[in-house]
Participant: 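The structure that follows is given in the form of structure tokens.
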Number of protein chains: 2
Amino acid sequence: MTIKEVSEKYDISQDTLRYYERVGMIPPVTRTAGGIRDYQEADLGWVELAICMRSAGLAVESMIEYVRLYQEGDSTIPARLQLLEEQRRILKEQKAQIETTIERLDYKISRYAIAVETGKLTWDEAAAEACGNTDAKRQRTDAGDKKL
Amino acid sequence: MTIKEVSEKYDISQDTLRYYERVGMIPPVTRTAGGIRDYQEADLGWVELAICMRSAGLAVESMIEYVRLYQEGDSTIPARLQLLEEQRRILKEQKAQIETTIERLDYKISRYAIAVETGKLTWDEAAAEACGNTDAKRQRTDAGDKKL
DNA sequence: CTAGTACCTGGAGTGAACTCCAAGTCAAGC
DNA sequence: GCTTGACTTGGAGTTCACTCCAGGTACTAG
């Protein structure tokens, strides 16, 4: 499979595919005699994995480390396991933060929806309604502050 | 409240607080006669909102737009509603991507855990086990390819 | 009044992750 | 063999979100 085909298949630029390989985020891709990339099934597996990790927001650096360990052989299996567990921990944290923010957006949106329907602003809360900050429970302001 | 206190309260640098204000991610903060920032309850609400949105990964740019609309007054309420709904859509997408990646990590981790326990690599799947890509359902490779 | 510390601004610098470019190589059609 | 278009590399440029810095101003203790 040519780089063009892979780029179309995964909707990612050819430059990014070359970049991933260059920095070691995927192992070296199979080449033709002439030096042209010819992605095999295994190469595609790595590409797909890289895209999956990146689209979840994981660092390029940690994927590079994973590939480095993989290339060092079976002795690095415990280290790889630890790395994967750490990445999972990061994602779970990020997911929790997103959920908190979605809740906050839901609340704001419900207030705005009412305002749009009735043509009036009817709330008087301060901007903060808890956001996962340790300090989230603050007292309400005294006045008709309509920011949200 | 001084910038130092706010920075400690939310565990964010003073530079970042000034940056948020400078680019318009929060409205201008209350100042003392001498020009020193003196965060009021309302200012803190904006700071907290900004931190919440950023920690979920939303763009600074969209927060700037929200503040701009807010400062233009009530006529922009429908536009603000639309903006918030768009941000929520983005977060839900990102959340789904994270969930997919966590599942993939779970699978890999379970395989590695077995390998660490038994001291042997016992799987033979290719690297890809579905990652939200349209192309996810690929055939297994023919050999004992132990990449994952 | 002075020393010292916290704060101010505008602007430059940084790191991450691409993205683009120039100059050259490879391969398919005529 | 020659043209044309896709591919190659190394390196430079871009964007985003900070982060740092220099030179100056404001409050606080002695």
Side-chain angles (χ1 to χ4, degrees), chain A residues 1-26 28-40 43-44 46-47 49-68 87 90-91 94 97-98 101, chain B residues 1-40 43-44 46-47 49-68 87 90-91 94 97 101:
Chain A
M1 219 175 181
T2 67
I3 197 167
K4 179 157 192 270
E5 287 163 341
V6 176
S7 118
E8 281 162 3
K9 179 179 170 108
Y10 295 112
D11 194 29
I12 183 180
S13 79
Q14 298 181 31
D15 271 316
T16 300
L17 282 167
R18 291 193 202 99
Y19 166 75
Y20 283 177
E21 187 178 351
R22 176 158 39 163
V23 299
M25 200 172 151
I26 59 174
V29 168
T30 312
R31 306 289 183 118
T32 64
I36 306 281
R37 285 176 185 81
D38 180 23
Y39 290 81
Q40 302 301 308
D43 299 314
L44 293 179
W46 281 107
V47 167
L49 178 62
I51 292 169
C52 184
M53 299 298 135
R54 283 297 303 134
S55 60
L58 291 176
V60 165
E61 191 52 39
S62 53
M63 187 71 196
I64 291 172
E65 176 67 2
Y66 180 74
V67 170
R68 200 186 61 70
Q87 301 311 302
I90 291 168
L91 286 189
Q94 185 59 18
Q97 183 56 59
I98 286 176
T101 306
Chain B
M1 218 176 182
T2 68
I3 196 167
K4 181 157 190 272
E5 288 163 341
V6 176
S7 119
E8 280 162 5
K9 181 177 167 108
Y10 295 112
D11 194 29
I12 182 180
S13 78
Q14 298 181 31
D15 270 317
T16 300
L17 283 166
R18 291 193 202 97
Y19 166 75
Y20 282 177
E21 187 178 352
R22 177 157 39 162
V23 299
M25 201 171 151
I26 60 173
V29 168
T30 312
R31 305 288 183 120
T32 64
I36 306 281
R37 286 177 185 81
D38 180 24
Y39 291 82
Q40 303 301 310
D43 299 314
L44 293 179
W46 281 107
V47 167
L49 179 62
I51 292 169
C52 184
M53 299 300 134
R54 282 299 302 134
S55 60
L58 291 175
V60 165
E61 190 54 39
S62 53
M63 187 71 197
I64 292 171
E65 176 67 3
Y66 180 74
V67 170
R68 200 186 61 69
Q87 301 309 304
I90 290 167
L91 286 189
Q94 185 58 20
Q97 183 56 59
T101 306

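Just so we're on the same page: letters track the sequence lines, and every chain starts at 1.
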Participant: Side chains of B:Thr101 and A:Met53, heavy atoms from C-beta outward: is any pair under 4.5 Å?
Facilitator: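 With C-beta onward as the side chain, the pair touches.
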Participant: For C:dA17, take OP1 and OP2 only and decide whether either is under 4.0 Å from a side-chain N or O of A:Tyr20.
Facilitator: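 Checking C:dA17 against A:Tyr20, no side-chain N or O comes under 4.0 Å of OP1 or OP2.
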Participant: For A:Arg37, which residues count as a side chain to side chain donor-acceptor pair (under 3.5 Å) partner, sequence neighbours excluded?
Facilitator: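 Partners of A:Arg37 under the side chain to side chain donor-acceptor pair (under 3.5 Å) test: A:Glu21.
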Participant: Measure the distance from CD on A:Gln14 to P on C:dC18 and round it to the nearest whole Å.
Facilitator: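 Interatomic distance, CD of A:Gln14 to P of C:dC18: 16 Å.
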Participant: How many whole angstroms separate atom CZ of B:Arg31 from atom C1' of C:dC7?
Facilitator: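 Whole-Å distance recorded here is 10 Å.
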Participant: Applying side chain to side chain donor-acceptor pair (under 3.5 Å), can you list everything that pairs with A:Arg68, at least two apart in sequence or on another chain?
Facilitator: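 Partners of A:Arg68 by the side chain to side chain donor-acceptor pair (under 3.5 Å) criterion, ordered by chain and then number, come out as A:Glu65, A:Glu72.
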Participant: For A:Thr2 and B:Ser13, find the nucleotide of DNA chain D closest to each by heavy atoms; which residue's nucleotide sits nearer the 5' end?
Facilitator: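 In this pair, the answer is A:Thr2.
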Participant: How about B:Leu17 and B:Ile12: do any of their side-chain heavy atoms sit closer than 4.5 Å?
Facilitator: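 The answer is yes, as the side chains (C-beta and beyond) meet within the 4.5 Å cut-off.
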Participant: With nearest nucleotide decided by heavy atoms, which residue, A:Arg54 or B:Ile3, maps closer to the 5′ end of DNA chain C?
Facilitator: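 Nearer the 5' end of the strand: B:Ile3.
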Participant: First and last nucleotide of DNA chain D in contact with chain B, 5' to 3', at under 4.0 Å to a heavy atom: what are they?
Facilitator: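 Contact boundaries, 5' end first: D:dA17 to D:dC27.
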Participant: Between B:Gln97 and A:Ser55, is there a side-chain donor-acceptor contact under 3.5 Å, judged purely by atom types and distance?
Facilitator: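 Side-chain D/A pair, A:Ser55 to B:Gln97: present.
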Participant: What is the distance, rounded to the nearest whole Å, between atom OH of B:Tyr19 and atom C1' of C:dC8?
Facilitator: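 Interatomic distance, OH of B:Tyr19 to C1' of C:dC8: 19 Å.
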Participant: Going by the rule side chain to side chain donor-acceptor pair (under 3.5 Å), which residues pair with B:Gln87 if we only count those two or more places apart in sequence or in a different chain?
Facilitator: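 Side chain to side chain donor-acceptor pair (under 3.5 Å) list for B:Gln87, sorted by chain: B:Ser62.
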Participant: Could you go over nucleotides 20-27 of chain C and give all protein N or O partners under 3.5 Å, atom names and distances?
Facilitator:
| residue | atom | partner | partner atom | Å |
| --- | --- | --- | --- | --- |
| C:dC20 | N4 | A:Asp15 | OD1 | 3.4 |

Participant: If the condition is salt bridge (Lys or Arg N to Asp or Glu O under 4.0 Å), which residues does B:Glu61 pass it with, not counting sequence neighbours?
Facilitator: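 By the salt bridge (Lys or Arg N to Asp or Glu O under 4.0 Å) rule, B:Glu61 matches no residue at all.
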Participant: In this structure, how many angstroms lie between the P atom of C:dA17 and the CE atom of A:Met25, rounded?
Facilitator: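 Those two atoms, CE and P, are 8 Å apart.
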Participant: Check whether any side-chain heavy atom of B:Met63 sits under 4.5 Å from a side-chain heavy atom of B:Leu58, and report yes or no.
Facilitator: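 They are not in contact (no side-chain heavy atoms under 4.5 Å apart), so the answer is no.
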Participant: Rounded to the nearest angstrom, tell me the gap between atom CG in B:Leu17 and atom P in C:dA6.
Facilitator: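 B:Leu17 atom CG is separated from C:dA6 atom P by 17 Å.
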Participant: Mind checking what makes side chain to side chain donor-acceptor pair (under 3.5 Å) contact with A:Asp38, not counting sequence neighbours?
Facilitator: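 Expected list: A:Gln40.
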Participant: To the nearest Å, give me how far apart CD (A:Glu21) and P (C:dA17) are.
Facilitator: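 Whole-Å distance recorded here is 18 Å.
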